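This report refers to the structure that appears directly beneath it.
Everything numeric here is computed off the predicted structure, so don't read it as measured data. Naming: A, B, ... by sequence-line order, numbering from 1 per chain.
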Amino acid sequence: MQGDFEAHARILRQLGAEVIEVRTPEDLADLDGLVIPGGESTTIGKGIESAGLEPAIRALHAAGTPILGTCAGMIICDAEHLGLIDASARRNAFGRQLQSFEADLEVEGIGDEPLRAVFIRAPWIERSGPGVEVLASYEGHPVAIREGCVLASAFHPELTDDSRFHAIFMAMATSVSARDGAKEEAR
Amino acid sequence: MGVMTERATFRLKTGLAEMLKGGVIMDVVTAEEAKIAEEAGACAVMALERVPADIRRDGGVARMSDPAMIKEIQEAVSIPVMAKARIGHFAEAQVLQALEVDYIDESEVLTPADERNHIDKLAFEVPFVCGATNLGEALRRLGEGAAMIRSKGEAGTGNVVEAVRHMREITTGIKNLAQLRPEELAAAAKELPAPLEVVQEVAAAGRLPVPLFCAGGIATPADAALMMQLGAEGNFVGSGIFKSADPARRAKAIVEATTHFNDPERVAAASIGLGEAMSGLEIGPLEAEDALLQNRGA
């Protein structure tokens, strides 16, 4: 729709996924996972509204389909927007472009080697409920979280060549897809 | 934790442009216009003193905007705020960096300050976008450190013909480069002319290393869809919005057409009831008067 969807697609294809771009509710049928990319959250939010995507995204979420939101995507998932996670993001919390930065970040679930995290006019998680697992923090602020089928980061794993964060998402999508496949077979 | 923090890397500079992809960056001259743009779904605004159509009409020297106005706009919206500096006017760029604008457009729309040299963009922490009419120009700007390229088009005309020409020049140029054998690249670099390193990088990747947007002459939703189909990764719209009869609706419609550029029914629906588009200008007479902005700073 809007944002760095191409960068996400590049990494997901490297990991063996088949990727489509989503612009209409019909595009959301038959997905094993949905990525809400980095971009401008107001633009993406308005785009979701004008294209009528919200009910379909909610249905995906209700069905347990993994959703990855990075930066603006994390904001879109938060309690003040689509409400897919019990957490609130603070927009541009780290400041304007001049304050954008890269840093080595330890992230739970990707191994010991830190990840090069790219923060661009990035948000952080201001408040999170008890069901929210914090996977990484920077200067005391949660910047990667997971709750149920939603994985979200304030940084942009899609802008590096390190695919370990996306691998978490791929594993979530693969296990859901296997579960649905098993159900299908049981019928 | 072994935290090695870096700022202003090229990845951070192009990264912000990556975030703007698929979106519309709108020229605004007041905080109110900036709010209208944000409300319409703009992914960023360009703060400037006069839109290109007025610069063209009024004449005189067009300079960087009043810092007070830029600050007002920064306070009014939460989306990125860009601002224009004159070609080669690195002191204006320093001022814009001090104001913490998110992107600087070294723009031919303003009166050039240096007829020979562009700004050394690598010396800045704020990223730059630059205009280009062809691949050689785009690659020279990349060599100087631009983190985003846009077509120049012919600003302030509401006539998309020049943007089409420039976008085709750039994308065809990239395709041609990608077909060359490695030993042919030095000659290509000499002909363009452009730095060999950048030429090699683009030839190997088959694309620019930074996002490529369209600017200069977009006035309708169909114009926006046309440019996206021709390979633009997003659109800058200047006079086209706030010189039209109903800026709020037209802004929203151009955002819609930029997102759904491959869906003619949506572009059609977005195009209904917008009122009059800005009145346009033919390129021929401007050329005869030597009034083309695109020839500045090649």
Please check if the number of heavy atoms outside B/Phe90 that lie under 6.0 Å from its CZ is greater than 12. no
Determine the minimum heavy-atom distance between A/Glu102 and B/Thr9, stating which atoms define it. OE2-OG1, 2.8 Å
Any idea which heavy atoms bring A/Gln2 and B/Lys21 closest together, and the distance? NE2-O, 3.2 Å
Shortest non-hydrogen contact between B/Arg266 and A/Ala51, atoms and distance: NH2-CA, 3.6 Å
Taking C-beta and beyond as the side chain, do B/Glu233 and A/Glu6 meet within less than 4.5 Å on heavy atoms? yes
Honestly, the part of B/Glu256 sitting under 4.5 Å from a heavy atom of chain A is side chain
What residues of residues 78-95 of chain A sit under 4.5 Å from chain B when you count only heavy atoms? A/Arg91, A/Asn92
Answer with side chain, backbone, both or neither: which region of B/Ala42 has an atom nearer than 4.5 Å to a non-hydrogen atom of chain A? backbone
Atom CD of B/Gln229: over 12 foreign heavy atoms under 6.0 Å: yes
Counting neighbours of NZ on B/Lys252 that are heavy atoms of other residues, nucleotides or ligands and sit closer than 6.0 Å, is the number greater than 12? no
Under 4.5 Å from any heavy atom of chain A - which part of B/Pro211: neither
Examine whether an atom of A/Gln99 lies under 4.5 Å from a heavy atom of chain B, and if so say whether it belongs to the side chain, the backbone or both; otherwise answer neither. both
Closest non-hydrogen contact found for A/Phe119 with B/Leu12 is O-CD2, 3.6 Å
What closest approach, in Å, do A/Ser100 and B/Arg7 show between heavy atoms, and which atom pair accounts for it? O-CG, 3.6 Å
Do other residues, nucleotides or ligands put more than 12 heavy atoms under 6.0 Å from the CD atom of B/Glu6? yes
B/Thr5 and A/Ala103 have their tightest heavy-atom pair at OG1-CB, 4.0 Å
Please evaluate residues A/Arg116 and B/Met4 with respect to the criterion side-chain contact (heavy atoms from CB on, under 4.5 Å), reporting the C-alpha separation (whole Å), side-chain torsions for both, the decisive distance (0.1 Å), and the verdict. CA-CA 9 Å; A/Arg116 193 68 183 157; B/Met4 222 276 277; 4.1 Å; yes
For A/Glu126, look at atom CD and say whether over 12 heavy atoms of other residues, nucleotides or ligands are found less than 6.0 Å away. yes
What parts of residues 15-44 of chain A touch chain B if we use heavy atoms and a cut-off under 4.5 Å? A/Arg23, A/Gly38, A/Gly39, A/Glu40, A/Thr42, A/Thr43
Given a strict heavy-atom distance threshold of 4.5 Å, which part of B/Gln74 is in contact with chain A: side chain, backbone, both, or neither? both
In the structure I gave you, are the side-chain heavy atoms of B/Arg11 and A/Thr160 within less than 4.5 Å of one another anywhere? yes
Checking heavy atoms, do the side chain of B/Phe124, its backbone, both or neither come under 4.5 Å from chain A? neither
In a check of side chain to side chain donor-acceptor pair (under 3.5 Å) between B/Asp102 and each of A/Arg121, A/Gln97, A/Arg96, which one passes? A/Arg121
